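Taking it in order: structure first as structure tokens, then the write-up.
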Amino acid sequence: MLADANGLVEAMKRAARNEREASKPVNVYFGEVVSKSPLKINVEQKMILGEAQLIMTRNVTDYVTMVTVNWESEKEKQKHRHDISAQTEEGDALNGKTAFQSETHTHIVNGQKQITIHNGLDVGDEVILIRQQEGQKYVVLDRIGI
């Protein structure tokens with residue numbers, strides 16, 4: 001009879017603990033990247049999370065995006081030439097090279113350009129994670145700033 005009472009008390013404690021956890025809107029954790037490929041994060045020195053448990057945000061991944069630029073290169077003085085590629089109105093391809101130039105000049109780059117943002121995690125990076133409520137998945141929000 002006493003064993004049944006102890007089992008009941010333990011079950012009630014577990015239920016109360018689960019209820020408290022479920023009522024928390026968010027759980028924030030801190031971790032450190034211990035492996036880049038495959039990605040592994042050591043969370044608060046208690047557990048290692050693998051790729052299957054992690055949901056990555058753009059803040060911690062490499063990605064390609066479009067930007068609008070209006071740049072001018074630094075002044076350059078060295079002997080060089082440019083490749084030229086064009087098309088005639090008739091559709092014929094024109095390809096060639098300019099003569100060698102040695103005067104100081106700059107290059108203009110403007111318009112929409114595609115760039116790669118290199119935000120991927122490296123070993124040793126410290127990160128902020130949020131645990132998915134009642135789940136085993138963790139959202140990796142960002143690196144911890146230094």
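This structure is a prediction, so every number in the text was calculated from the model and none was measured.
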Inset, instruction - Answer yes or no: is there a donor N or O on one side and an acceptor on the other, between the side chain of Asp62 and the main chain of Asn119, under 3.5 Å? - result: yes
Inset, instruction - Assess whether atom CE of Met12 is packed by more than 12 heavy atoms of other residues, nucleotides or ligands within 6.0 Å. - result: no
Inset, instruction - Nearest 0.5 Å please: distance from the OG atom of Ser35 over to the CD atom of Glu51. - result: 8.0 Å
Inset, instruction - Rounded to the nearest 0.5 Å, what's the gap from CD1 on Ile128 to CZ on Arg143? Could you check? - result: 11.5 Å
Inset, instruction - Could you check if a side-chain atom of Thr116 sits within less than 4.5 angstrom of a side-chain atom of His118, using non-hydrogen atoms only? - result: yes
Legend entry - Donor-acceptor pair, side chain of Glu32 and main chain of Asn42, under 3.5 angstrom: no
Legend entry - Close side-chain approach of Arg58 to Ile117, heavy-atom, < 4.5 Å: no
Legend entry - Trp71 with Met66, same ILVMFWY side-chain cluster at under 4.5 Å: no
Inset, instruction - Would you indicate whether the side-chain heavy atoms of Leu129 and Leu54 approach each other to under 4.5 Å? - result: yes
Legend entry - Connected via hydrophobic side-chain network under 4.5 Å: Val64 and Val109: no
Inset, instruction - Find the distance between CG (Leu49) and NZ (Lys137) and round it off to the nearest 0.5 Å. - result: 11.0 Å
Inset, instruction - Return yes if some donor-acceptor pair links the side-chain N/O of Ser85 with the main-chain N/O of Asn95 below 3.5 Å, else return no. - result: no
Legend entry - Interatomic distance, Asn70 atom CG to Lys113 atom NZ [nearest 0.5 angstrom]: 11.0 Å
Inset, instruction - Mind checking the OG-CD1 spacing from Ser73 to Ile108? Nearest 0.5 Å is all I need. - result: 7.0 Å
Inset, instruction - Would you give the length of the straight line joining atom OG1 of Thr106 to atom CD of Glu72, rounded to the nearest 0.5 angstrom? - result: 3.5 Å
Legend entry - Side-chain heavy-atom pair Asp122, Lys36 within 4.5 angstrom cut-off: yes
Inset, instruction - State, to 0.1 Å, how close Thr61 and Tyr63 come at their nearest heavy-atom pair, and which atoms those are. - result: O-CD2, 3.5 Å
Inset, instruction - Side-chain contact test, heavy atoms from C-beta onward, threshold under 4.5 Å: evaluate it for Leu141 versus Val127 and give yes or no. - result: no
Legend entry - Minimum side-chain heavy-atom gap Thr88-Leu94 below 4.5 Å: yes
Inset, instruction - Side-chain contact test, heavy atoms from C-beta onward, threshold under 4.5 Å: evaluate it for Asp142 versus Thr57 and give yes or no. - result: no
Legend entry - Shortest non-hydrogen contact between Tyr138 and Met47, atoms and distance: OH-CE, 3.2 Å
Legend entry - Residue among Val34, Val140, Ile48 satisfying side-chain contact (heavy atoms from CB on, under 4.5 Å) with Ile41: Val140
Legend entry - Minimum heavy-atom distance between Glu44 and Tyr29, given as atom pair plus value: OE2-CA, 3.4 Å
